[in-house]
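Scope of the values below: all heavy atoms of this structure, side chains included, with no hydrogens, waters or symmetry mates. On a predicted model such as this, the values are computed, not experimentally measured, just so you know.
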Amino acid sequence: MAHSAGADSLSGLQESSRTILDHYQSQVRTRRIYTVVSIVVFLIILGASLDFANSANSGKFFERLPYFFDFMKSFVPDSPLEIFRAMFDLPSPFSDGSIKYDYTSDRVWITDSFYIPNFFYQLAITLNIAIVSTILGASGAFLLCFFASTNLVGAGVTRWVVRRIMEIMRAFPEIVIAGLLAAILSIGPISAIIAVWVHTVGALGKLFFEVVENADMKPDEGLRAAGAGWLERVRFAILPQVLPNFVSYTLLRTEINVRASTIIGAVGGGGIGEVFSLSIGRDHAAKTYAIIILLLITVICVDQFSAWLRRRLIGKQSFEFGRGAA
């Protein structure tokens, strides 16, 4: 009798396992079908896009693809050392009186005997634009994010208005805002700072209030029960939880704003982007490659500095935990 009951139990277990396996295999087949359909739809859209590009390019898009890298092949400096000379404003042996080889006239003199290479000076302007706009943008996002969080102000008018303001501020790319401001304030770093600042407030504000909404509200409930005001609850219950994420997002935004400031410079925002646009437009290969190398080194340095600063502010234990899990 006991043997029969055990056999029935084992049979039921096998039947249950078989049902689970059949259900899993059915889900796998369904997922594969969805994947194949998605790939087919993507390829159709891609083909339609390429066909449209070909038509918009007077039927020359596919014909010109084999010559895609011809510009890079012809855009070569007379000597590899010319890149170094252009970077540090040193005299060129190829000088023929044209501005293509006239590197020394661009020097920014600090004293009668000491100068800063022009590209380094322009790069400093770009970094200043990025840093100032990030500080102003992070400050604005910090002030607005708490009024956009449902767990702090509810789902009322205040939250709705603040969120719409941030959506408008990040709706347009920095280069579009800079173009509009250039018509009002003329070209220059001020227009670039305002453009990057506006977009940074909107972008960081969204990230900040999402972090606030995910914060643990138990400390807030305790302070509220003790009679603390709204500002006191934000300061002592919410801010300590969200501040590390705020710092991390701000550092990430700094890296993004360095690149954005460079792009804005190409449309008159000043800095390294402006001289880069002029160099490549005038077919000055040595100057162009010098700027590219400087930008690459700058982005790497900013990324490494941000990682170092995050470790100092957030703590090494967070990074060690992730490394151990990997």
Which pair of non-hydrogen atoms, one from [X] and one from [Y], has the smallest distance, and what is that distance?
{"X": "I125", "Y": "P189", "value": "CG2-CG, 4.3 Å"}
{"X": "A141", "Y": "G205", "value": "CB-N, 3.4 Å"}
{"X": "G137", "Y": "W197", "value": "N-CD1, 3.2 Å"}
{"X": "K287", "Y": "K100", "value": "CE-O, 3.9 Å"}
{"X": "I264", "Y": "V196", "value": "CD1-CG2, 3.4 Å"}
{"X": "L223", "Y": "R233", "value": "CB-CG, 3.8 Å"}

For a 4.5 angstrom cut-off between non-hydrogen side-chain atoms, does [X] reach [Y]?
{"X": "Y289", "Y": "E82", "value": "no"}
{"X": "F84", "Y": "L90", "value": "yes"}
{"X": "I238", "Y": "M217", "value": "yes"}
{"X": "I116", "Y": "W109", "value": "no"}
{"X": "V275", "Y": "I272", "value": "yes"}
{"X": "I263", "Y": "E174", "value": "no"}

Looking at D89 and R107, does any basic side-chain N land under 4.0 Å from a carboxylate oxygen?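 A salt bridge is absent here (no side-chain N lies under 4.0 Å from a carboxylate O).
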List the residues meeting ring pair (Phe, Tyr, Trp, His ring centres under 6.0 Å) with [X], not counting sequence neighbours, and say none if there are none.
{"X": "F209", "value": "none"}
{"X": "F146", "value": "F142"}
{"X": "F52", "value": "none"}
{"X": "W160", "value": "none"}

Treating [X] as the side-chain partner and [Y] as the backbone partner, does any N or O pair qualify as donor plus acceptor under 3.5 Å?
{"X": "N151", "Y": "V212", "result": "yes"}
{"X": "T254", "Y": "T250", "result": "yes"}
{"X": "R170", "Y": "G202", "result": "yes"}

Pairwise side chain to side chain donor-acceptor pair (under 3.5 Å) hits with a residue in residues 122-149, at least two apart: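 Found N118-Q122, T134-N257.
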Going by side chain to side chain donor-acceptor pair (under 3.5 Å), name the pairs with one or both residues in residues 24-37, residues two or more places apart or in two chains.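 Passing the test, one end in residues 24-37: H23-Q27.
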What donor-acceptor contacts under 3.5 angstrom involve side-chain atoms of residues 293-309, with partners at least two apart or in another chain?
| unit_1 | atom_1 | unit_2 | atom_2 | d |
| --- | --- | --- | --- | --- |
| T298 | OG1 | L294 | O | 2.7 |
| S306 | OG | E255 | OE2 | 3.4 |
| S306 | OG | V302 | O | 2.9 |

Are the aromatic ring centres of F88 and F120 under 6.0 angstrom apart?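 Centroid distance F88-F120: below 6.0 Å, so yes.
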Which pairs, with at least one residue in [range] and sequence neighbours excluded, count as a salt bridge (charged side-chain N to carboxylate O under 4.0 Å, His left out)?
{"range": "residues 258-286", "result": "none"}
{"range": "residues 196-209", "result": "K206-E210"}
{"range": "residues 157-168", "result": "R163-E213, R164-E167"}

Linking I/L/V/M/F/W/Y whenever their side-chain heavy atoms sit closer than 4.5 Å, directly or via other members, would V162 and V157 fall into one cluster?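 Yes; V157 is reachable from V162 via cluster members.
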Checking D96 now: which residues fulfil side-chain hydrogen bond (donor to acceptor under 3.5 Å, both in side chains) with it, not counting sequence neighbours?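 By the side-chain hydrogen bond (donor to acceptor under 3.5 Å, both in side chains) rule, D96 matches S98.
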Could you give me the CA-CA distance, side-chain angles and deciding distance for L231 and R235, then say whether side-chain contact (heavy atoms from CB on, under 4.5 Å) is met? CA-CA 6 Å; L231 287 176; R235 167 64 183 84; over 6 Å; no
Considering only residues two or more places apart or on different chains, which pairs with a residue in residues 214-240 satisfy ring-ring contact (aromatic ring centres under 6.0 Å, His included)?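 Counting only pairs at least two positions apart or across chains, the ring-ring contact (aromatic ring centres under 6.0 Å, His included) contacts touching residues 214-240 are F147-W230.
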